[in-house]
Amino acid sequence: MDKALLQKKDLDALLAAIRMRAPVYAPARDGGDGGTVFRPVESAADVCLGQVNTRLSVKGLFFPQRESLMKFSGSALSEVTLPTDSLVVFGVRPCDARSLTWLDTVFGGGGHEDPYFQERRKSAVVIAMACDQPGASCFCTSVGGSPYGSDGADMLVSQAGADGALLFEAASEKGRAFLEEHAGLFAPANAQAREAREARASAAAKKMEALDLTGLKEKLDAALDSPLWDALTKTCLGCGVCTYLCPSCHCFDISDEKSGADGVRVRSWDSCQYARFTLHASGHNPRPLKKARMRQRVMHKFSYAQETAGTAFCSGCGRCVRACPVNLDIRGILTAFKDLP
Amino acid sequence: MKNPYVPLQVTIEDVVIENELRDIKTFRLSFERDEDRASFTYLPGQFAELSLFGTGESPIGIASSPTEEGYLLFSVKRTGVVTSELHASAPGRRMGVRGPLGRPFPWERLEGKNILIVSGGFAFTTLRSAITYVLDPAHRKMFGKITAVYGAREPGELLYKKSIAEWEASVDIEFTPTIDRQKDGWTGKVGLVPNVVKELEPSAENTLALVCGPPIMIKFTIPVLRELGFRDEDIILSLENRMKCGIGKCGRCNVGPLYVCNDGPVFSLAQLAKLPQEY
Amino acid sequence: MGELASDIRRIAREMFDGKRIDLLVGFEKGSDGYRSRPVFIESAEGADRLTWDATCSQNLAVYLPSLFRREPQKKGVESAPPRVAFVAKACDMRSLIALVKEKQAMRENLIIIGVPCTGVIDARKLEKVVMDRAGGAEVTELVDGEETICVHTADGRNLSLTREPLVQDACLDCQFSVPQGADVLIEGPGRPVGDNSGSLLKEFAELSETERWQKFQGEISRCIRCYACRQACPMCYCTECFAETNNPAWIGVTTELTDTMIFHIVRIFHQAGRCVECDACVRACPMGIDLRPFTKKIAADVRELFGFTPGFDLETPPPLVTFREDDQQGFVTEPRKG
């Protein structure tokens, strides 16, 4: 079945049914200031959907901050540590889900497949949660997204009514199979529910001002040497928060850690915003200046990705805007370049 | 699914110190497993990540030619953590090789053409692979005239001295080694590489130029080649950049939309002219 | 509040017109109606962008080291270092003075425009209140007042919020709210002195060693090694941080817990006698990690052991470069016998 209604009281039962086969990750309380992160949850009471978005995007479940690639002993490989867990992720905002499709092109393309990412992706079920109350720094509609989008998700869930009923809509074969499997907990969704959903979706989209970014790539490509790059990035601290929180940033480092003869080769998140990111062992640094590093971030997302993957790598989740310690706003940067003559 | 992060096991068979400063060594590596050796098919211009478990990896151009069967050669300059550890390694040490990675020199385009090789210093390694490849009797007829200029600061810093002597004596290649300033005992050319190229006046007709060297050499060689009539599409360069994954995923080595590891390291000057000069 | 902003703008214009400065570091309006951001002003015309209110939370001293760090100069033709004006709250000024003592800039190249502060607003607390009271509606304007803050939303609401509950935790403990000795001190009210031996420190000091370690581990285990704390801190200006060297590699670069804990322990200990407790690190952390028990503990220990607090005067040398015969020696232990 394609669409179905779940009563709020039955969410516990659904989670319990899923958990018999796979852990369920959902936004859960983290720290004292009301933030949330994706964590394994045991019941509906643990799930916290009231925040605009989680602190960290869903990418960390497929591309972990720290991930063991292989173990070694002395000079020899002792074990390749591929992930074996399958998981169900619930409550993923459409902006995060959409970014997963872009990470798919990165980790699955270029003539080399990344088995660590692919293993997690192929066995996971991604359940997106529609956004009825976008935050101040959200701008998904400016970059081709929607608060009710289902790209990258197997299902889209939205609040169907004041009583807390949830409308589940399948967005893939996996989603349809999921609804079939748990059909006992669901009720069919009628035409009313569908209409109401359309109304909610357009109301949510209207809450955001959509920037007009047509022609942005061409403007950026022509402005590599523009003094705007320096002017707009002078206050950047070079801290890496934007890239770490971004659902589609994917730069990583590979390092070896050992104790005695045994050790592990791990990959961990890295950031093009760090001064040493491109530093050669010889001491030469192709991007010695901050403006070049921020230019790289903007160009990668809004020009290079367009060329190599056919889409900009920004879902408008707004985390970079909200979390930047000096409130550098990528929307301002994009508009400044778009408005160049 | 082949795991592109797992290195193939090799053993160091031999280590040769290439230069007087003793900071460039050539390592001869052999695969421990037959199937690995069979699967490692490469062309000159490609590179591999040399892996030392517990220390890390380093991307190094392949110096051997695929026509040299049964082993791989890598010439490595001691610069950082991994290369220092490698330099401290003796024959018998087991290590890893991940590759072949990157795109080679444009062999389909090079077929039927004259080849001008311009190189300086340590960047010459993959050109040893290219020269050995084209001079192989099975391949020589596929190419026209082969001219090479290879310079170093001093005679002691030239790599592959034995091979240079063979190439100088060979009728199949016009090979001109040069050094920056006259030194006692050197009877060959003296002069900076771009000047020597200018002096030799190689024809640009039906010729592709392979240029590998330090940025300063490239900077002054390009105007010379352009003046000789070489078009930007016919000037082929090989870039270096800091790398980690080597397979176009970790985001570190890009120049514009192109990854040096996966779309390069070989690029034409025409391609590079359109990209930010971030390399 | 608006007067402080217009005073700052006037002073900035005068300084540029009088050619007294090359650059001014201050605040301008930020995103989404309720934030401010640092701004570099390079001419009198730019002065109109300057603003001042309770959302001006960043410690602008963080920019000083990079503004004065220069490439090696050719002898005889050295260019003069820039003359920079900083709009500085008291905590910002204390960081500026600490940096001058560490030779990151010469005092004569700085013009400190001191602004008295009644406490800055915690953006996260504000977001939560707006979410609760206005369903997360977009803030179009924030008007700061003495006791209340007025928040205007995009859907036409005007929320009147009591100021004090929204003030940042760091400001509740504030010991210095007026930047004494600033080159230009703007008139205005400063926050009354808080109690710095407050509940946070007391609670932490009462924990046993094991409990302290657990608390530290619990907070730090959420760290994602983004280095925002380090980059936001004015006193962290090493061009090569110990956490990132690979030769030798003191610690790993991942979120391996031991490595992460060592990073924070070393960074915080490196702040001894230098940290002004401005909480830039806490504000910058995207994970909301509460570093305050640890940063404040170090600062309290330095007060207790060496009688030193980083302040406004240039004369008192920092404790780590001072030797006094009556320095505490309680950490010196007898070698074990037998």
Side-chain angles (χ1 to χ4, degrees), chain A residues 69-78 80 82 106-107 109-119 221 224-225 243 249-258 261-263 265 267 270-272 276-287 292 295-296 299-300 303-308, chain B residues 1-12 32 49 51-58 77-84 89 93-96 101 103 214-215 239-263 274-279:
Chain A
L69 299 176
M70 63 198 80
K71 293 192 184 144
F72 55 84
S73 186
S75 326
L77 176 75
S78 59
V80 176
L82 284 174
V106 169
F107 287 103
H112 302 274
E113 288 192 63
D114 185 308
Y116 305 91
F117 182 85
Q118 308 279 61
E119 283 296 320
D221 289 341
L224 280 179
D225 295 322
T243 50
C249 273
H250 59 85
C251 284
F252 59 88
D253 191 4
I254 300 178
S255 54
D256 286 6
E257 295 176 354
K258 68 177 182 197
D262 298 339
R265 183 162 283 176
R267 86 158 143 216
D270 209 338
S271 172
C272 59
R276 300 162 73 75
F277 185 63
T278 49
L279 179 66
H280 291 203
S282 63
H284 171 63
N285 193 342
R287 295 188 204 126
R295 178 179 67 186
Q296 156 64 16
M299 293 299 291
H300 186 179
S303 171
Y304 309 154
Q306 197 74 56
E307 279 186 48
T308 55
Chain B
M1 188 190 315
K2 175 172 182 277
N3 188 329
Y5 297 97
V6 175
L8 305 171
Q9 198 88 29
V10 296
T11 309
I12 301 178
E32 292 183 9
E49 288 273 3
S51 160
L52 292 170
F53 276 132
T55 309
E57 291 186 321
S58 194
K77 178 166 173 152
R78 187 188 64 233
T79 317
V81 172
V82 177
T83 51
S84 295
S89 306
R93 177 174 186 164
R94 301 169 76 201
M95 51 181 281
L101 300 173
R103 296 195 195 176
L239 292 188
E240 287 184 341
N241 229 352
R242 180 160 174 85
M243 294 178 187
K244 280 286 174 172
C245 72
I247 54 174
K249 296 188 192 320
C250 76
R252 191 178 304 260
C253 69
N254 74 298
V255 179
L258 304 176
Y259 283 117
V260 175
C261 66
N262 217 30
D263 304 302
K274 295 187 276 188
L275 302 176
Q277 308 294 292
E278 290 182 331
Y279 47 87

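Throughout, protein chains are lettered first and strands after them, A, B, ... in sequence-line order, and every chain is numbered starting at 1.
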- Message: With chain B as the partner, which of A/R295, A/R265, A/H250, A/E307 has the greatest number of non-hydrogen pairs under 4.5 Å?
- Response: A/R265
- Counting only heavy atoms closer than 4.5 Å, note whether A/V106 contacts chain B via side chain, backbone, both or neither. both
- Heavy-atom side-chain contact between B/N254 and A/H300 under 4.5 Å: no
- Given that the side chain runs from C-beta out, which part of A/T308 has a heavy atom under 4.5 Å from chain B: side chain, backbone, both or neither? side chain
- Message: With a 4.0 Å cut-off on N to O distance, would you call A/K71 and A/D262 a salt bridge?
- Response: no
- Message: Does any backbone or side-chain atom of A/E113 lie under 4.5 Å from a heavy atom of chain B? Answer side chain, backbone, both or neither.
- Response: both
- Query: Between A/A305 and chain B, which part of the residue has a heavy atom less than 4.5 Å away: side chain, backbone, both or neither?
  - Reply: neither
- Item | Residue among A/A76, A/G74, A/S73, A/C249 with most heavy-atom pairs under 4.5 Å to chain B | A/A76
- Query: Ring centres of B/Y5 and A/Y116 under 6.0 Å apart?
  - Reply: yes
- Proximity breakdown for A/Q296 and chain B, heavy-atom pairs closer than 4.5 Å: side chain
- Could you look at B/C253 and say if it's the side chain, the backbone, both or neither that has a heavy atom under 4.5 Å from chain A? neither
- Task: Go through the atoms of A/I254 and report whether side chain, backbone, both or neither lie under 4.5 Å from a heavy atom of chain B.
- Result: both
- Message: Between A/L82 and chain B, with a heavy-atom cut-off of 4.5 Å, which part of the residue counts as in contact: side chain, backbone, both or neither?
- Response: side chain
- May I ask you to check whether over 12 heavy atoms, not counting those of B/E278, lie within 6.0 Å of atom CD? yes
- At a heavy-atom separation under 4.5 Å, does A/M70 approach chain B through its side chain, its backbone, both, or neither? side chain
- Per-residue contact mode, B/K2 against chain A (heavy atom under 4.5 angstrom): backbone
- Task: Can you tell which part of A/D221 gets under 4.5 Å to a heavy atom of chain B, answering side chain, backbone, both or neither?
- Result: neither
- Query: What is the distance from atom OG of B/S51 to atom CG of B/L8, rounded to the nearest 0.5 Å?
  - Reply: 10.0 Å
- Message: Within the 3.5 Å criterion, strictly below it, is a donor on B/E49 or B/S58 matched to an acceptor on the partner's side chain?
- Response: no
- Item | Choice from B/K244, B/M95, B/R94, B/K249 maximising heavy atom contacts with chain A below 4.5 Å | B/K249
- Query: Side chain, backbone, both or neither: which part of B/Q9 has a heavy atom under 4.5 Å from chain A?
  - Reply: side chain
- Which answer fits B/N3, side chain, backbone, both or neither, if we ask what part of it has an atom under 4.5 Å from a heavy atom of chain A? both
- Using a cut-off of under 4.5 Å on heavy-atom pairs, state which of A/L224, A/N285, A/V80, A/D253 scores highest against chain B. A/D253
- Side chain / backbone / both / neither for B/N241 at chain A, heavy atoms under 4.5 Å: both
- Query: Are any side-chain N or O atoms of B/D263 and backbone N or O atoms of B/L258, one a donor and one an acceptor, separated by less than 3.5 Å?
  - Reply: no
- Item | Approximate separation, where rounding is to 0.5 Å, of A/D270 CG and A/T243 OG1 | 8.5 Å
- Note on the structure: Max heavy-atom pairs within cutoff under 4.5 Å with chain B, candidates A/R267, A/K258, A/Q118, A/R287, goes to A/R287
- Step-by-step side-chain contact (heavy atoms from CB on, under 4.5 Å) determination, B/F53 to A/S75: CA-CA 6 Å; B/F53 276 132; A/S75 326; 5.7 Å; no
